[in-house]
Amino acid sequence: MQKIISELPKNSSLREVSKENLELEQDFENYFCKYIVPEVVSYRLANFYYRNCLENISLKRYYVSITNVFNIFPNLDDIKDLIKEILELKYNLTIKSENPLIINTWRS
């Protein structure tokens, strides 16, 4: 604790530093939810598809299973369009049905 206090700028208080840390944490959560989670979910879904491992379950269950390793859980409805776009652009896949999840290639 003493080391942390000694590293503080001369004109700041612990309250200001905590506020800055909170803002950085919120920025990280927004960044993580917008850029990292859709990439990871898309990659895993494409991996499941190309290895013929898709089962007869919904997109939501796959999403929960894939994001279970993170401590941040963005709402699926908020990032579903990003996931679909990444699947199309990077992996040549489209989601035909969400319940049960059916994925097909969209170009040959």
Side-chain angles (χ1 to χ4, degrees):
M1 182 69 169
Q2 185 64 29
K3 183 178 180 184
I4 294 172
I5 292 175
S6 66
E7 292 175 359
L8 288 175
K10 299 279 187 210
N11 296 330
S12 67
S13 67
L14 283 175
R15 186 179 309 250
E16 290 172 5
V17 170
S18 326
K19 184 179 176 186
E20 288 175 15
N21 286 342
L22 181 62
E23 289 171 359
L24 286 173
E25 185 176 317
Q26 289 171 347
D27 286 343
F28 172 76
E29 283 188 28
N30 291 336
Y31 176 83
F32 191 80
C33 293
K34 187 174 181 180
Y35 298 104
I36 305 300
V37 173
E39 287 284 342
V40 170
V41 171
S42 300
Y43 170 78
R44 295 299 299 155
L45 289 175
N47 192 5
F48 291 148
Y49 174 80
Y50 286 118
R51 291 176 37 211
N52 292 326
C53 294
L54 287 176
E55 295 186 18
N56 198 15
I57 59 176
S58 68
L59 172 63
K60 186 166 181 105
R61 287 191 61 192
Y62 275 109
Y63 175 77
V64 169
S65 175
I66 293 168
T67 58
N68 199 23
V69 297
F70 306 126
N71 289 332
I72 302 170
F73 299 101
N75 189 359
L76 175 61
D77 294 330
D78 295 340
I79 64 170
K80 190 185 307 182
D81 292 334
L82 287 171
I83 292 170
K84 289 179 178 181
E85 184 178 346
I86 293 168
L87 280 172
E88 279 187 30
L89 296 176
K90 283 182 127 176
Y91 303 106
N92 191 25
L93 299 171
T94 58
I95 295 177
K96 296 292 182 189
S97 170
E98 293 181 15
N99 192 12
L101 181 63
I102 298 172
I103 298 177
N104 290 330
T105 57
W106 70 280
R107 342 172 237 200
S108 37

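Everything numeric in this text was worked out from a predicted model, so none of it was measured.
Applying the side chain to side chain donor-acceptor pair (under 3.5 Å) rule to pairs touching residues 52-61 yields nothing, sequence neighbours excluded. Residue pairs that meet the salt bridge (charged side-chain N to carboxylate O under 4.0 Å, His left out) test with at least one member in residues 64-76, sequence neighbours left out, do not exist here.
Annotation: side chain to side chain donor-acceptor pair (under 3.5 Å) contacts of Lys90 (sequence neighbours excluded): Glu39. Residues forming a ring-ring contact (aromatic ring centres under 6.0 Å, His included) with Phe70 (at least two apart in sequence, or on another chain): Phe32. Listed by chain and residue number, Tyr62 satisfy the ring-ring contact (aromatic ring centres under 6.0 Å, His included) test with Phe48 (two or more places apart in sequence, or in another chain). Residues passing the ring-ring contact (aromatic ring centres under 6.0 Å, His included) test with Tyr49, sequence neighbours excluded: none. Tyr35 is linked by a side chain to side chain contact (heavy atoms under 4.5 Å, CB included) to Tyr31, counting only residues two or more places apart in sequence or in another chain.
Within the 4.5 Å cutoff, the side chain of Val37 has no heavy atoms near those of the Ile83 side chain.
The two residues Pro74 and Cys33 make their nearest non-hydrogen contact at CB-SG, 3.7 Å. Heavy-atom minimum distance, Leu87 versus Ser42: CD2-O, 3.5 Å. What you find for Ile66 and Arg44 is that their closest heavy atoms are CD1-CB, 3.5 Å.
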May I have the list of side-chain donor-acceptor pairs in residues 96-103 shorter than 3.5 Å, sequence neighbours left out?
from, atom 1, to, atom 2, distance (Å)
Ser97, OG, Pro100, O, 3.0
Glu98, OE1, Lys80, NZ, 3.1
Glu98, OE2, Lys84, NZ, 3.2

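To the nearest 0.5 angstrom, Leu45 atom CG is 10.5 Å from Ile86 atom CD1.
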